[in-house]
Amino acid sequence: MAITRYHLHKRSCVGILPLLCAFLFGVLLTALIVNTNPACSPVGRIYDPENSYFLILLIVTAPENFERRTTIRETYLNLRPRMINESYQEELIHIPSYNARGHVQHETVDMQRQLLTNYRVWLEKPIKNIKVINFKIKPLFAIGMHGQPKNIRRAIYEEQRVFGDVLELEALQDSYANLTSKVLQSMRKIDEKYDFKYLAKLDDDTYVKLDLLAEDLLSYYEKWHRVQQQQQQQENNVNRSPMELYWGYFRGAATIQKHGAWQENDYHMCDRYGPYALGGGYVLSKGLVSFIATYADQLAMYKSEDIAVGSWLAPFRNVHRRHDVRFDTAWKARACKDYHMLLHKRTARHMRDLYRGELCTHEEDLPPAGAAGSTGGAALPKEYFYDWTQPPSSCCKTAV
């Protein structure tokens, strides 16, 4: 049984008879007496990790990217959530309310700014009473197997035999053009096979501070559960769909690509894309993954998988679209910040540096400002808070 952060169930009614009989009848009789005693009630936190995975990591990777997968296994997959103090939930987790029509009310710019400020203060707190927590995370490296040469297939099968973390998509030709189909098929397969609370879709060049991400997600789940119960009591058990989570760094009003590898010929709903979480990494709750998996055959297959996911989930009123500047998940890395939790466009070397606590070595590899091909300084993407009160064309003008 895994050691978890959750308190063991307290039982106040263990009689003396099982103890006297234990020597003769063993653990079976003792367990039978304890489990059938009607006065025993469990006390502890709400998640039971023995019955399901809490978090699935869907890591999209190319068949030949063995070094990246090895680096991930040797770095952030070894991190585990750590509980420093119980103030995290109250200071850093915001569960939105519903309006009168049952729509989730997203964080204001001021709320996003305050949460980031609280997080930066929290990072500076002295570390006390660290508890190493082991709960069930399942990493899965998604690889399309159709048409792969025999030597590649043999290598992947051996990788699967050793690590057991490869999600083999036998019917999928692995290519950039099939990325949306790859994510869709992966979600369908995961939804059929696994029970879980959340799924994080990640690229294999994204580094995750998994200890912090998991602590945040655990705190979110627990607070959401508590707030949901309170809302049901206050509203006299109003029949309302549970709140779902779509967590990432959102973009609004992106230009529809008309040329190049990402040319989009099937997006006709608007002259701009709707809001979506950038594809370097985002988190979905189980209900959203199940919806995508259930209707996979009917969903539009847009070229960009992150745009596709945002479009598929656009109509739902019960989705908490949680914009988080701690997700550095754009097409190239932003300026290095100690509060970044997901860091996209990192090489294997950068990942190992991050694992050792060196946060900004990727910036050392950028050409100096003014040099040929320079991306330094002002050319880096700017961080913004998302203004959900504005249309997508004006969403992202409030700089951090």
Flag side-chain contact, heavy atom, 4.5 Å: [X] against [Y]:
{"X": "Leu380", "Y": "Arg334", "result": "no"}
{"X": "Pro242", "Y": "Trp224", "result": "yes"}
{"X": "Arg120", "Y": "Asp338", "result": "yes"}
{"X": "Cys396", "Y": "Tyr386", "result": "yes"}
{"X": "Lys337", "Y": "Arg326", "result": "no"}
{"X": "Val104", "Y": "Val319", "result": "no"}

Worksheet item: Relative to each other, are the rings of Tyr273 and Tyr276 parallel, tilted or perpendicular (30° and 60° limits)?
Response: perpendicular
Practice prompt. Return the orientation label for the Phe250 and Tyr246 ring planes: parallel under 30°, perpendicular over 60°, tilted otherwise.
Written response: perpendicular
Worksheet item: Under 4.0 Å between a Lys/Arg side-chain N and an Asp/Glu carboxylate O for Asp195 and Lys193?
Response: no
Answer with yes or no whether the side chains of [Y] and [X] bring together a donor and an acceptor at under 3.5 Å.
{"X": "Asn318", "Y": "Ser241", "answer": "no"}
{"X": "Ser219", "Y": "Glu215", "answer": "yes"}
{"X": "Glu74", "Y": "Asn78", "answer": "no"}
{"X": "Tyr157", "Y": "Arg161", "answer": "no"}

Fill in: Audit row: Lys182, Asp174, salt bridge (charged side-chain N to carboxylate O under 4.0 Å, His left out) steps and yes/no
CA-CA 8 Å; Lys182 184 175 185 176; Asp174 206 298; 2.7 Å; yes
Practice prompt. Report the C-alpha distance between Arg349 and Glu358 in whole Å, list the side-chain angles of each, state the deciding distance to 0.1 Å, and finish with yes or no for salt bridge (charged side-chain N to carboxylate O under 4.0 Å, His left out).
Written response: CA-CA 11 Å; Arg349 179 177 66 82; Glu358 302 174 36; over 6 Å; no
Worksheet, complete the sentence: Per ring pair (Phe, Tyr, Trp, His ring centres under 6.0 Å), Phe54 is matched among Phe196, Tyr198, Tyr194 by Tyr198
Discussion item. Can you tell me which residue among Trp247, Tyr282, Tyr339 is in a ring pair (Phe, Tyr, Trp, His ring centres under 6.0 Å) with Phe327?
Written reply: Trp247
Heavy-atom neighbours of [X] [atom1] exceed 12 at 6.0 Å:
{"X": "His146", "atom1": "NE2", "value": "no"}
{"X": "Tyr295", "atom1": "OH", "value": "no"}
{"X": "Gln173", "atom1": "CD", "value": "yes"}

Discussion item. Could you check, using the six-membered ring where one of them is a Trp, whether Tyr76 and Tyr355 have ring centers closer than 6.0 angstrom?
Written reply: no
Worksheet item: Taking the six-membered ring for Trp, are the ring centroids of His323 and Tyr249 within less than 6.0 Å of each other?
Response: yes
Discussion item. Against His320, only a single residue in Glu244, Glu107, Gln105 fulfils side-chain hydrogen bond (donor to acceptor under 3.5 Å, both in side chains); can you say which?
Written reply: Glu107
Worksheet item: Taking Tyr207 as the fixed residue, which of His362, Met351, Arg352 is the one that meets the side-chain contact (heavy atoms from CB on, under 4.5 Å) rule?
Response: Met351
Worksheet entry | Arg346 to Ala333 - nearest heavy-atom pair and separation | NH1-CB, 2.9 Å
Worksheet item: How close do Thr71 and Thr75 get, heavy atom to heavy atom, and via which atoms?
Response: O-OG1, 2.7 Å
Worksheet entry | From CA spacing to verdict: salt bridge (charged side-chain N to carboxylate O under 4.0 Å, His left out), Asp297, Arg188 | CA-CA 10 Å; Asp297 293 336; Arg188 173 184 267 181; 3.1 Å; yes
Discussion item. Assess the residue pair Lys138 and Asp165 against the criterion (salt bridge (charged side-chain N to carboxylate O under 4.0 Å, His left out)); give the C-alpha distance rounded to whole Å, side-chain angles, the decisive distance to 0.1 Å, and a yes or no.
Written reply: CA-CA 8 Å; Lys138 179 66 175 179; Asp165 58 8; over 6 Å; no
Discussion item. Could you go through Asp110 and Gln114, starting from their C-alpha distance and side-chain angles, then the distance that decides it, and tell me whether this counts as side chain to side chain donor-acceptor pair (under 3.5 Å)?
Written reply: CA-CA 6 Å; Asp110 288 341; Gln114 185 61 55; over 6 Å; no
